[in-house]
Amino acid sequence: METSQDSLILVNSDDQVTGFASKEEAHRGNGITHRAFSIFLFDANDNLLLHERSQEKPLWPGFWTNSCCSHPRRGEDILSAANRRLYEELGAGGNIQYVYKFCYKANYLNIGSENENCSVFLARLRPGEQLTVNADEISDIKWMTLSDIDQWVSRETACFTPWFLLEWKSLRGKYLDQVVTFLKH
């Protein structure tokens, strides 16, 4: 389970390690650039899982976002971290595929910010697998079609995390072919 004292991996814009900091330190003020990831989990019917962040989250509590997002810990590679967090947050495992990486910054009120070099992954729920949602991380979940998410995003942009909106735009645009190919397999 993650804690505010977990040692996150600080990186530059080229994703080269520059040091380490606690989760709390990395998100304070304008933040320090650190490694992160986002996972988009699909079911057998190509519905995507979105989740509402717990009200206990210091940044963007109650906002809707992708299936799972987090950080690798010191000494942990990004794919191992993605698999670990998918299990810790949702009780899920499965085939995870890397799509792309991007850097972004986003401030949340006067509380803190995200300043991340973020890898984006697609994943598929295993046949017959049931989710076990971690209530410390997640308030609610929704399985939705891609077109239903498109409509929701266009109607209520303000209820989504900033990283989700950036990732969604890329997955529905520049990386759409990779998403379509992933869903066919």
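Predicted, not measured: the structure shown is a model, and the values here were computed from it.
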The single option from D140, L49, I141 passing side-chain contact (heavy atoms from CB on, under 4.5 Å) against V133:
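With V133 as partner, D140, L49, I141 yield a single side-chain contact (heavy atoms from CB on, under 4.5 Å), made by I141.
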Among H27, K105, R35, whose side-chain contact (heavy atoms from CB on, under 4.5 Å) with E116 holds?
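It is H27, the one option of H27, K105, R35 that forms the side-chain contact (heavy atoms from CB on, under 4.5 Å) with E116.
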Can a donor-acceptor pair be found, under 3.5 Å and without considering hydrogens, that links the side chain of [X] to the backbone of [Y]?
| X | Y | result |
| --- | --- | --- |
| R124 | L183 | yes |
| S80 | E76 | no |
| R85 | H71 | no |
| D148 | M144 | no |
| S67 | F40 | no |
| E52 | I138 | no |
| N12 | D14 | yes |

Quick check: closest heavy atoms across [X] and [Y], and the distance to 0.1 Å?
| X | Y | value |
| --- | --- | --- |
| G93 | E129 | N-OE2, 2.9 Å |
| I111 | P58 | CG2-O, 3.8 Å |
| S38 | C118 | OG-SG, 3.7 Å |

Do the ring planes of [X] and [Y] sit parallel (below 30°), tilted (30 to 60°) or perpendicular (above 60°)?
| X | Y | value |
| --- | --- | --- |
| Y104 | F102 | parallel |
| Y98 | F121 | perpendicular |
| Y100 | Y175 | parallel |

Check: [X]/[Y] side-chain N/O donor and acceptor closer than 3.5 Å:
| X | Y | answer |
| --- | --- | --- |
| W152 | E156 | yes |
| W64 | T161 | no |
| E25 | S22 | yes |
| S147 | D150 | no |
| N115 | T33 | yes |

With side chains defined as the heavy atoms from C-beta onward, is the minimum distance between [X] and [Y] less than 4.5 Å?
| X | Y | result |
| --- | --- | --- |
| F160 | V153 | yes |
| L122 | F42 | yes |
| L176 | L171 | no |
| N117 | K101 | yes |

Looking at D177, I'd like to know if its CG atom is crowded, meaning that more than 12 non-hydrogen atoms belonging to other residues, nucleotides or ligands lie closer than 6.0 Å.
no
Is the charged tip of R53 near the ring of F63: under 6.0 Å from the six-membered ring centre and within 45° of its axis?
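No; the conditions do not both hold, so R53 does not lie above the ring face of F63.
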Apply salt bridge (charged side-chain N to carboxylate O under 4.0 Å, His left out) to the pair E137 and K57, showing each step before the final yes or no.
CA-CA 7 Å; E137 300 287 337; K57 292 284 197 178; 2.4 Å; yes
How far apart are the C-alpha atoms of N47 and T145, what are their side-chain angles, what is the distance that settles it, and do they pass the side-chain hydrogen bond (donor to acceptor under 3.5 Å, both in side chains) test?
CA-CA 5 Å; N47 294 306; T145 67; 5.4 Å; no
